[in-house]
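One structure below.
Treat the numbers as computed from the prediction; the structure is a model and nothing was measured.
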Amino acid sequence: MKELLSERNLDYMERAREVAETVVRPIAAELDRTGEYGWEILEALKEAKLTGIWIPEEYGGQGAGVMDLCVVVEQLSRACGGVGVAYAVNALGSFPIILGGTEEQKHKYLPPIAAGDQLIAFGLSEKPSGSDAGSLRTTALKDGDHYVINGQKKWNTNGGVASVFTIYALTEPAKGMRGISAFIVDKDTPGFVIGKREDTMGIRTVPVNELEFTDCRVPAANLLGGAEGGGFKNAMMTLDRARPGVAAQGLGLAQGAFEWAYRYASERKQFGQPVSSFQANQFLFADMAIQIEAARQLVYHSAQLIDAGAKDISKPAAMAKVFATDTAMKVATDAVQLFGGFGFCRDYPIEKYMRDAKITQIYEGTNQIQRVVIARALTRELKGIDGWLDVHVDHFPENE
């Protein structure tokens with residue numbers, strides 16, 4: 001597959017692999033145990049010039065594409081899924097500004113993120129509105145030259161370490177999702193509190209927090225794009241662009257779990273021979289490898305379509321997210337099985353892959369919702385060939 005990647009893709013891949021192997025892997029288990037954020041990993045990423053690569057050059061970034069983002073996330077996730085998402089969520093948080101911010105907002109907020117000096121989080125979900133993002137209840141009502149935000153956000157990855165947040169709220173509640181706007185909120189804004197940290201099953205190194213807004217006064221200059229009502233569209237465009245990154249996290253987790261399982265099965269002997277020599281296990285490894293390579297093709301293809309400026313990216317992004325993250329969970333589960341009883345113990349690294357993989361099927365749009373996105377896209381596409389079917393129906397064998 002490397003033969004199909006550009007020199008820039010390969011350069012980012014190799015730099016990310018170096019950080020993953022020398023910095024991430026040695027401390028992944030400890031970060032998982034303690035739940036501490038990997039600040040030393042962030043410093044290593046800064047030294048490797050891998051922070052904020054997706055941000056355009058005019059705002060301090062490297063102008064890298066989604067494909068470059070994906071190869072970095074994939075390599076980090078091979079070593080630790082939590083570190084992979086800790087990196088990728090900064091793209092999720094900054095994409096709204098890149099896609100919809102004013103020039104003043106971009107110049108103010110993007111350079112520190114590109115440098116790795118600030119982290120950013122994305123605030124869309126709420127307790128009553130997870131998959132139904134359009135029914136959020138947080139409000140942002142105009143009061144002079146400020147907006148007053150009241151409400152609560154849920155499932156904010158990076159919440160406890162971010163300095164900047166992109167927040168979606170109702171500026172015109174009567175309009176429903178058409179009344180949603182987006183705001184850039186600084187951590188130290190009065191009335192904004194970082195709330196409860198979730199005790200998560202996996203990705204434990206990255207904090208997932210509630211965000212609480214009580215009469216939080218945000219300057220009108222922080223209204224994303226300077227206009228009300230475009231928040232929901234901005235959020236959907238952001239998620240389409242970010243989903244290949246989640247897919248890449250799943251891909252990296254699957255690859256990492258596969259490598260651990262194959263190494264273990266090659267060294268573990270039963271009945272006088274390596275476990276990897278048993279045909280049942282050989283078939284299992286073959287299926288795992290097939291699924292991983294198919295996932296890689298979908299992830300890379302969806303990222304390349306986005307970088308090429310394709311107009312309709314919802315379906316390929318959703319397909320990549322579904323397949324790669326389902327693959328991550330299946331491969332990680334099979335890998336635990338191959339480890340036998342040792343796979344169920346934290347003395348070995350494989351159970352962490354299974355725990356980290358599960359969330360990839362849930363966040364940034366559950367895989368059930370992604371299937372809805374895909375099905376709706378297929379319906380639109382099939383309507384486009386109705387006329388072709390009407391003209392050519394006589395050529396089907398049953399009609400001759």
Side-chain angles (χ1 to χ4, degrees), residues 1 17 20-36 38 73-86 198-206 246-296 298-299 321-363 367:
M1 185 65 185
R17 181 187 287 267
E21 295 300 323
T22 62
V23 184
V24 178
R25 200 178 290 280
I27 62 174
E30 181 66 9
L31 293 178
D32 177 67
R33 186 185 69 80
T34 64
E36 293 295 321
V73 173
E74 178 186 353
Q75 293 305 314
L76 295 176
S77 299
R78 279 179 64 248
C80 176
V83 171
V85 69
E198 306 295 343
D199 188 8
T200 57
M201 178 171 72
I203 62 164
R204 294 181 57 81
T205 184
V206 58
V246 180
Q249 183 195 358
L251 173 60
L253 282 164
Q255 184 68 48
F258 173 85
E259 290 167 358
W260 274 113
Y262 198 85
R263 175 181 175 182
Y264 177 80
S266 299
E267 296 175 353
R268 170 76 166 171
K269 289 187 177 180
Q270 293 285 273
F271 307 102
Q273 56 185 314
V275 172
S276 61
S277 68
F278 300 148
Q279 189 179 61
N281 290 340
Q282 290 176 342
F283 284 2
L284 184 58
F285 280 120
D287 285 341
M288 292 163 78
I290 291 167
Q291 291 153 10
I292 291 169
E293 188 56 32
R296 181 170 286 112
L298 275 171
V299 174
K321 199 269 186 183
V322 167
F323 193 85
T325 60
D326 282 353
T327 294
M329 194 62 202
K330 185 177 189 311
V331 169
T333 303
D334 288 342
V336 168
Q337 188 72 23
L338 282 159
F339 270 73
F342 293 114
F344 200 66
C345 300
R346 294 201 176 188
D347 294 343
Y348 286 76
I350 200 63
E351 58 85 30
K352 178 180 180 300
Y353 282 83
M354 185 176 177
R355 288 187 287 110
D356 285 351
K358 185 59 205 176
I359 189 58
T360 66
Q361 295 178 300
I362 298 172
Y363 58 18
N367 284 5

Any [X] side-chain heavy atom under 4.5 Å of [Y] side chain:
X	Y	result
Gln255	Ser77	no
Ser266	Ser276	yes
Ile359	Thr200	no
Arg268	Phe339	no
Met329	Met354	yes
Arg33	Arg346	no
Leu338	Phe285	yes
Glu267	Val275	no

Tell me whether [X] contacts the main-chain N or O of [Y] through its side chain, where contact means a donor paired with an acceptor under 3.5 Å.
X	Y	answer
Thr205	Gly35	no
Arg204	Asp32	yes
Gln249	Val73	no

Between [atom1] of [X] and [atom2] of [Y], what distance do you get to the nearest 0.5 Å?
X	Y	atom1	atom2	answer
Ile350	Gln337	CD1	CD	12.0 Å
Asp356	Leu253	CG	CG	6.0 Å
Tyr262	Leu284	OH	CG	12.0 Å
Tyr353	Arg78	OH	CZ	7.5 Å
Leu251	Arg296	CG	CZ	4.5 Å
Thr327	Gln291	OG1	CD	5.5 Å

Which heavy atom of [X] sits nearest a heavy atom of [Y], and at what distance?
X	Y	value
Ala324	Ala295	CA-CB, 3.9 Å
Ile292	Ala254	CD1-O, 3.6 Å
Gly38	Leu31	CA-CD1, 4.0 Å
Gln270	Phe278	O-CZ, 3.4 Å
Thr360	Asn367	O-OD1, 4.3 Å
Glu351	Val336	CA-CG2, 4.3 Å

>> Looking at Arg17 and Glu21, is there a salt bridge between them, counting it only when a charged N and a carboxylate O are closer than 4.0 Å?
In response: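 Looking at Glu21 and Arg17, the cut-off is not met.
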
> Do the rings of Tyr348 and Phe342 sit parallel, tilted or perpendicular, given the 30° and 60° boundaries?
Replying inline: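 Rings of Tyr348 and Phe342: tilted, as their planes differ by 30° to 60°.
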
